[in-house]
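This is a predicted model, so every value here is computed, not measured. Each ligand, and each atom within it, is numbered from 1 in the order the structure gives.
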Amino acid sequence: MVSFTLSALSALVIAGVALNTEAAAIKRSECKSFQQNFAPGVDMNQYWTDMDPTTYNLTSQGLEMKVNNPKGDGKVGNGALFNSKMLMQYGSVEAKIMAAPVGGIVTAFIYMAPGKDEIDYEWVGDQVQTAYYYRGIPDYSTENSTSLATGTSSFHIYKIDWQPESITWYIDGKAIRTVEKSSTLEKDGVYHYPTEAAHFQLGLWDASGDASTAQWAHGPVNWAAQPSHISAYVEYVKVECNA
Ligand SMILES: *[C@@H]1O[C@H](CO)[C@@H](O)[C@H](O)[C@H]1NC(C)=O
Ligand SMILES: *[C@@H]1O[C@H](CO)[C@@H](O)[C@H](O)[C@H]1NC(C)=O
């Protein structure tokens, strides 16, 4: 089976290959269930791409994702991104995560499709946000926040179960939110519901750059008062494909 990478797809688009060829290619789910326990020596290249070795480390606490202190006059630190090699369309992804403890630094665990369908868990300050987007349309009314009694800067198990008719977000095995596809019908007669095969991503990024983004993220970060880097940890990731 031919496997398309994002850059190969961009090249096809630039070369003017018919768009329906591209759509057929990017919509194919390649889901294979797996669990990866992060520890020193784990091969990150098996499931992930787009990493920057200066922004992560494999430790006894799991995968340490870092935003590096920009130092000097820099206002925005360089962060970490892990993009799954495989595309999946429906199924669940679970991860045990300790979010970053600093406002302005966003910990992220999301599905991101080539056409910008998106399903999110994002940690800002001590809040856990859930959201979903259809084809990249910035409808922020899909966002919702939850607080945890024990805070987010200790390990919790987060899961996003993405099904054809509903999305459910879980924390420590308890459903905290469900969105039914039937509730997403908009005035344009289209369900603004993520359906497109997506990569899942783990990341840690500095939202200090843009003022409104920084405000949303409870930032900006006062880097002068921070150590060489700010970290979040992921102990494991478990992917379960739909049969
Ligand atoms: C990466 O983690 C290992 C194991 O915890 C540690 O010994 C090493 O110093 C770390 N490296 C960096 C660059 O932080
Ligand atoms: C958003 O979260 C609040 C508090 O957890 C909850 O009461 C409310 O129903 C949620 N709204 C949506 C749209 O999920």
**Message:** Taking non-hydrogen atoms within less than 4.0 Å of ligand 1, which protein residues qualify?
**Reply:**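 Residues near ligand 1: Asn57, Leu58, Thr59, Lys66.
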**Item:** Asp172 side chain to His156 side chain, donor-acceptor N/O pair below 3.5 angstrom
**Value:**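 The answer is yes; a qualifying pair exists.
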**Message:** Quick check on side-chain contact (heavy atoms from CB on, under 4.5 Å): which of Leu63, Val237, Asn83, Asp43 does Trp48 satisfy it with?
**Reply:**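 It is Val237, the one option of Leu63, Val237, Asn83, Asp43 that forms the side-chain contact (heavy atoms from CB on, under 4.5 Å) with Trp48.
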**Asked** Tyr158 and Trp169: aromatic ring centres closer than 6.0 Å?
**Response**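 Tyr158 vs Trp169: aromatic centres not under 6.0 Å.
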**Check: Phe200 ring centroid to Phe82 ring centroid under 6.0 Å** =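 Not close enough - the centres of the two rings lie 6.0 Å or further apart.
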**Request:** With sequence neighbours excluded, give me every salt bridge (Lys or Arg N to Asp or Glu O under 4.0 Å) pair touching residues 88-109.
**Result:**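 Listed by first then second residue: Lys96-Glu235.
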**Prompt:** Taking the six-membered ring of Tyr170, is the NZ or CZ of Lys159 close enough (under 6.0 Å from the centre) and on axis enough (within 45°)?
**Reply:**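 The answer is yes, since Lys159 meets both limits relative to Tyr170.
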